[in-house]
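The block underneath contains the structure these notes are about, expressed in structure tokens.
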Amino acid sequence: MENNSAYAVQMKDITIRFGSYCALNKVRLDVKKGSVHAILGENGAGKTTLMNILYGLYQKDSGEISLYGKTEEIRNPSMAIAKGIGMVHQHFMLVENFTVTQNIILGMETVKGAGILDMRSARQEVEDIVKRYGLQVDPDALISDISVGMQQRVEILKALYRGAEILILDEPTAVLTPQEIDELIGIMKKLISDGKTIIIITHKLKEIKKSADYCTIIRRGEYVDTVAVKDVSQEELASMMVGRKVRLEVEKGPAKRGEVIFEVSDLDAMDERGVKVLKRLSIRVRGGEIFGIAGVDGNGQKELVEVITNLRKAESGTVKIHGREIQNTTTRNTMDSGISTIHEDRQKRGIIPDFTVADNVVLDTFRSGRFSSKGILNKKAIGEAAENLLKEYDVRPNGCKDLLIRGLSGGNQQKVIIGREIANDPDLLIAVQPTRGLDVGAIEYVHKTLIRERDKGKAILLISLELDEVLALADTIGVIYDGAVNAVLDRKEANEENIGLLMAGGTLHE
């Protein structure tokens, strides 16, 4: 296609290699001005790499970029910003002990005479953008005190403050609650009506159908097709993405529940501000069942996992596995007691970014006789274990065990974590947002894996903000609200309506 001013972005024959690995091979992208354009692909397909080239973080080996019909060279993010491109990364880049306003103006500060910061003018400008697009963020709040969804809005505000006309959103719904997703889609529509152009990188087919006008599919670093979203089904998008038919429904037989393996009773805990966030919370998980916790983010899910894994002190109550209390001990005791955890925040709790993939595979088990002797690591055994796991979970790129894990896509990092925790053969597997950032093919595999572990008699505690995921996987559902489980339902009794009512603090008697 020739350069055309009706297109905000055109990328032609984009190729980039990292060493001998070809991440993108002659990929094209044509984004119409004033549209929402989705980029869909498996984990490691090259979606974020393509957008990092557009944003100037990576330099293409060959190909051409045009903005509004004019060929451009974008050598760094500063040039991209100057040309009206903004990018909200999957992992936010905010200073937690700064306010919203301070984060937004960082690097683009408004100054008065003698170089003094003009915070009043900056704050007013931020407020004006907030009101214009309905972003509803307190300009004076500390980043550490606001939800993940609010932090995402701050990143969007940062881009708009810098004059973005083309906004790239990398996995924008990966960390949001269902309500926040709907709010984000509303914000995107307001931005489009104001003449902005939005490119979203996502795996979530439902959100593509809700929000996008067009979708470009990339598979293993190569262009597959661009389609009008209204003309294709979710199943067709999934098949184009992975190159095969994907089952979007979870297949599972009835649970064969055993005895109680894990029990939390009357648990109380405080947050960092000394406010009680868990309030006499109680749950019981049996072997051979998936106990799902449904709830709006911020109702105590994070603190519950931290107390169970001994990252936070319990004020009162008990946490027992096989009848033995483990609360207020150590994280090592948690693991030694037969508990493995897929944490919500893979960057902070799941991996060590500057370790290799192989080293991250054995983070929990490197002390065992299999991987070390007299304090000396058995690198050969570690490498073999890593290769087996990477093959089983289809972690890409192939042969990545000696790469730093920070170089993998977020979805491939998640596959490493899931494989590692299941390989530990735990009695209780805590899975917090286990499919966050995964493509539909990988989600299908993870769901099958959790069902397989359940059928082996394992106890599984699933904590997910994706209500569809809880309803699809759980045998028993506990609904958490304001720090307590206010109802426990058998899956046969649960549906979106009654779970939604309980998540909002209602009762089934209303």
Side-chain angles (χ1 to χ4, degrees), residues 8-9 31-41 47-48 51 86-90 92 129-137 146-160 164-217 226-234 236-238 241 248 294 296-298 410 433 435-440 443 464-471 496 499-500 503-504:
V9 175
V31 181
K32 284 190 176 178
K33 196 161 50 175
S35 69
V36 177
H37 195 114
I39 303 178
L40 180 66
K47 309 178 298 297
T48 300
M51 288 300 94
M87 185 167 182
V88 177
H89 300 273
Q90 185 176 353
F92 305 147
I129 300 172
V130 167
K131 288 176 183 173
R132 183 173 181 178
Y133 298 108
L135 286 159
Q136 296 177 335
V137 179
I146 62 176
S147 70
V148 173
M150 288 292 179
Q151 289 179 29
Q152 184 184 65
R153 293 182 186 191
V154 176
E155 289 281 20
I156 293 172
L157 279 164
K158 270 172 61 178
L160 295 174
E165 293 296 323
I166 300 164
L167 192 60
I168 304 165
L169 305 179
D170 189 357
E171 296 291 349
T173 63
V175 294
L176 303 185
T177 65
Q179 294 90 336
E180 287 172 330
I181 290 170
D182 290 340
E183 289 168 4
L184 175 64
I185 290 171
I187 290 165
M188 287 164 59
K189 287 178 177 174
K190 285 181 182 175
L191 290 165
I192 292 300
S193 67
D194 196 50
K196 309 293 185 190
T197 301
I198 298 175
I199 305 172
I200 58 171
I201 303 169
T202 185
H203 303 111
K204 294 190 178 181
L205 304 176
K206 187 189 289 187
E207 269 83 67
I208 288 177
K209 290 294 288 181
K210 277 185 179 180
S211 65
D213 303 301
Y214 302 95
C215 179
T216 292
I217 300 98
T226 296
V227 295
V229 171
K230 63 181 174 57
D231 295 337
V232 293
S233 67
Q234 291 186 45
E236 287 170 322
L237 285 171
M241 177 170 69
L248 299 179
V296 177
D297 193 21
Q433 297 287 90
T435 58
R436 174 175 283 175
L438 297 185
D439 60 64
V440 288
I443 289 170
S464 178
L465 301 178
E466 302 278 354
L467 184 53
D468 289 347
E469 183 166 63
V470 174
L471 289 169
E496 282 195 21
I499 295 291
M503 285 168 63

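Numbers here are sequence positions counted from 1.
Salt-bridge formation is not detected for the pair Glu207/Lys210: no Lys NZ or Arg NE/NH1/NH2 atom is positioned less than 4.0 Å from an Asp or Glu carboxylate oxygen. In summary, Glu183 and Arg153 engage in a salt bridge, as defined by a charged side-chain N under 4.0 Å from a carboxylate O.
When side chains are defined from C-beta on, Ile192 counts as touching Ile198, because their heavy atoms get closer than 4.5 Å. You'll find the side chain of Leu167 reaches within 4.5 Å of the side chain of Ile156, heavy atoms only. Within the 4.5 Å cutoff, side-chain heavy atoms of Leu184 are placed close to those of Pro172. Looking at heavy atoms from C-beta onward, Ser211 lies in side-chain contact with Ile200 at the 4.5 angstrom threshold. Side-chain contact between Leu160 and Leu135 is present, with at least one heavy-atom pair separated by less than 4.5 Å.
Atom CG of Asp194 sits about 4.0 Å away from atom CZ of Arg132, to the nearest 0.5 Å. Rounded to the nearest 0.5 angstrom, Leu467 CG and Met503 CE are separated by 5.5 Å. The structure places CG of Asp170 at 9.5 Å from OG1 of Thr202, a figure rounded to the nearest 0.5 Å. We find the CD1-CG distance between Ile201 and Leu40 to be 11.0 Å, quoted to the nearest 0.5 Å. With values rounded to the nearest 0.5 angstrom, Lys47 atom NZ is found 12.0 Å from Ile217 atom CD1. Going from atom SG of Cys215 over to atom NZ of Lys230 covers 14.0 Å, rounded to the nearest 0.5 Å.
In terms of heavy atoms, Ala159 sits closest to Gly86 at CB-CA, 4.1 Å. The two atoms that bring Ile39 and Met51 nearest to each other are CD1-CE, 3.6 Å, heavy atoms only. Heavy-atom minimum distance, Ala228 versus Tyr214: CA-CD2, 4.0 Å. Glu165 and Lys196 make their closest contact through OE2-NZ, 3.0 Å (heavy atoms, listed as atom of the first residue, atom of the second, distance). Among all heavy-atom pairs drawn from Leu205 and Ala238, the shortest one is CD1-CB, 3.7 Å. For the residue pair Leu471 and Glu496, the shortest heavy atom distance occurs at CD1-CG, 3.7 Å.
Here Lys206 pairs with Asp468 under the salt bridge (Lys or Arg N to Asp or Glu O under 4.0 Å) rule; sequence neighbours left out. Remark: Lys190 engages no residue in a salt bridge (Lys or Arg N to Asp or Glu O under 4.0 Å) (not counting sequence neighbours). Judged as a salt bridge (Lys or Arg N to Asp or Glu O under 4.0 Å), and not counting sequence neighbours, Asp213 has no contacts.
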Verdict with supporting geometry, Leu169 and Glu155, side chain to side chain contact (heavy atoms under 4.5 Å, CB included)
CA-CA 10 Å; Leu169 305 179; Glu155 289 281 20; over 6 Å; no
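Judged purely by atom type and a 3.5 angstrom limit, Glu466 has no side-chain atom pairing as donor or acceptor with the backbone of Gln433. The backbone N or O of Ile166 lies less than 3.5 Å from no partner atom in the side chain of Thr197, so there is not a single donor-acceptor pair.
Between the side chains of Glu469 and Thr435, at least one donor-acceptor pair of N or O atoms lies under 3.5 Å.
Other residues, nucleotides and ligands contribute more than 12 heavy atoms inside 6.0 Å of the NZ atom of Lys209.
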